[in-house]
Amino acid sequence: MENIKQVTKKLHRAVGEAIEQFTMIEDGDKVMVCLSGGKDSYAMLNMMLHFQKVAPISFEIVAVNLDQKQPGFPEEVLPTYLNNLGVDYKIIEKNTYKVVMEKTPEGKTTCSLCSRLRRGTLYEAAKDLGCNKLALGHHRNDILETFFLNFFFAGKIETMPPKFVNDAGDLVILRPLAFCRESDIETYAHHLKFPIIPCNLCGSQENLQRKKVKQMIEDWEADFPDRSSIMMNALQNVYPSHLLDRNLYDFKNLESLVPNKI
């Protein structure tokens, strides 16, 4: 097993590459780091604090948690952790749990509605706090799984971009862990003993398609090591002329490009 110094260095390098390649952070930014209480968001906060110290620019960080009022949610864990860390933070209390449970039909997954409600609340909070950017803790595995979920079940080629603008056009959303492997994050989180808070909504649903796709990718990785890196490279090397989307490529007028026969 790699030691924690090696894993930390790999995470720093991966986050640094994502920040540089997608121009994620600029001088004067105020970034809202969304903290759920899971391993990914804890790791992301640490990464952002690291780059705040070493970057040649100045930017602010505020950690924000949405307390969705799930039964048994340990309200004291995050404030205690963030106070000890000495980071600026805000806890938002909103009973989205009740709405999700009331609106989701029995047997259906709660993720879609839960994420929409959570996203809207966090976007609003970012504006209230004067943040121009919002950081989410999705990593490389999340991006690949989302690609295949859309490919197999939604009939579209789409995934989680490392950087995008919200529909209102007033907030930039970042995914600084876009190039980070989940296994490295797990090792990092285990070593640092983050006070993980499980999600009673997501974690209680065992038959999600995402879990099946996740297992599929893990099986591929076992048979063909580093397959995930190749797939991530593929998402950065797109050839519209070799796909079938008429909106991306002008198939209709291709004949005009062919030189006249003599």
Side-chain angles (χ1 to χ4, degrees), residues 7 10-11 13-15 17-19 21-22 24 34 36 38-41 43-44 47 100 104-105 107-119 122 134-167 173-189 198-199 201-249:
V7 171
K10 285 168 64 177
L11 290 174
R13 185 188 306 118
V15 174
E17 287 176 1
I19 290 174
Q21 288 186 28
F22 297 98
M24 289 189 176
C34 298
S36 66
K39 69 181 188 317
D40 305 327
S41 61
M44 175 179 63
M47 293 296 114
V100 170
T104 304
K108 298 293 184 180
T109 60
T110 59
C111 294
S112 178
L113 177 58
C114 180
S115 63
R116 286 201 305 273
L117 292 172
R118 187 170 64 245
R119 185 163 56 243
L122 291 172
L134 180 152
L136 300 173
H138 300 116
H139 46 66
R140 185 175 81 172
N141 299 66
D142 292 321
I143 290 173
L144 291 174
E145 289 162 19
T146 300
F147 172 82
F148 285 110
L149 282 169
N150 282 320
F151 187 77
F152 290 139
F153 302 106
K156 58 184 178 180
I157 295 180
E158 179 184 309
T159 190
M160 299 172 167
K163 179 183 179 182
F164 68 99
V165 177
N166 67 337
D167 291 340
I173 317 302
L174 310 173
R175 292 188 170 101
L177 303 183
F179 292 154
C180 296
R181 297 191 308 178
E182 185 174 21
S183 58
D184 290 332
I185 295 172
E186 287 174 345
T187 300
Y188 183 75
C199 175
L201 283 173
C202 303
S204 63
Q205 301 172 88
E206 296 300 327
N207 296 317
L208 299 180
Q209 293 293 357
R210 181 173 288 274
K211 292 191 177 183
K212 297 178 182 179
V213 169
K214 185 183 188 73
Q215 187 60 54
M216 177 192 74
I217 295 174
E218 288 178 357
D219 291 342
W220 284 350
E221 193 75 20
D223 292 337
F224 306 100
D226 213 30
R227 184 67 36 163
S228 293
S229 294
I230 295 172
M231 290 189 287
M232 279 296 288
N233 287 338
L235 291 178
Q236 300 172 74
N237 289 283
V238 179
Y239 294 83
S241 63
H242 286 57
L243 295 173
L244 284 74
D245 192 329
R246 298 189 304 278
N247 294 318
L248 289 180
Y249 191 75

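Only heavy atoms go into these numbers, but all of them, side chains included; no hydrogens, no water, no symmetry mates. In this text, all values refer to a predicted model and were calculated from it rather than measured experimentally. Count residues from 1 along the sequence.
Looking at Arg140 and Ser229, their side chains do bring a donor and an acceptor atom within 3.5 Å of each other.
Counting heavy atoms of neighbouring residues, nucleotides and ligands inside a 6.0 Å radius, atom CG of Leu244 does not exceed 12 of them. Atom CG of Asp167 has 12 or fewer neighbouring heavy atoms from other residues, nucleotides or ligands inside a 6.0 Å radius.
Taking both residues in full, the closest heavy atoms of Gly38 and Ser36 are given as N-OG, 3.1 Å, listed atom of the first, atom of the second, then distance. A pairwise comparison of heavy atoms in Pro240 and Tyr249 identifies O-CB, 3.9 Å as the closest pair. Of all non-hydrogen atoms in Ala189 and Lys39, the two that sit nearest each other are CB-CB, 3.7 Å. The shortest non-hydrogen separation linking Pro176 to Met44 is CD-SD, 3.9 Å.
Within the 3.5 Å criterion, the main-chain N or O of His139 finds a donor-acceptor partner in the side chain of Asp142. Within the 3.5 Å criterion, the main-chain N or O of Phe22 finds a donor-acceptor partner in the side chain of Lys163. A distance-only check finds no donor-acceptor pair linking the side chain of Glu158 to the backbone of Phe147 [under 3.5 Å]. The backbone N or O of Pro161 sits less than 3.5 Å from a side-chain atom of Arg175, completing a donor-acceptor pair.
Taking CG of Leu122 as the start and CG of Asn166 as the end, the distance is 12.0 Å to the nearest 0.5 Å. Separation of atoms CG (Asn141) and CZ (Arg210) is listed at 10.0 Å; rounding is to 0.5 Å. Going from atom CZ of Arg181 over to atom NZ of Lys10 covers 4.0 Å, rounded to the nearest 0.5 Å. Ile185 contributes atom CD1, which lies 5.0 Å from atom CG of Leu177 (distance to the nearest 0.5 angstrom). The distance from the CD atom of Glu218 to the NZ atom of Lys211 is 12.0 Å, given to the nearest 0.5 Å. In this structure, CZ on Arg119 lies 9.0 Å from CG on Leu136, to the nearest 0.5 angstrom.
Put simply, the side chain of Val15 reaches to within 4.5 Å of the side chain of Cys180, judged on heavy atoms. Residues Phe152 and Lys212 have side chains not in contact (no heavy-atom distance under 4.5 Å, counting atoms from C-beta outward).
The aromatic rings of Phe148 and Trp220 sit perpendicular, their planes meeting at an angle over 60°, well past the 30° parallel limit.
Salt bridge annotation for Glu182-Lys214: present, with a cationic side-chain nitrogen under 4.0 angstrom from a carboxylate oxygen.
Here the rule is side-chain contact (heavy atoms from CB on, under 4.5 Å) with Leu144, and of Leu149, Ile217, Thr159, Val213 only Ile217 fits it.
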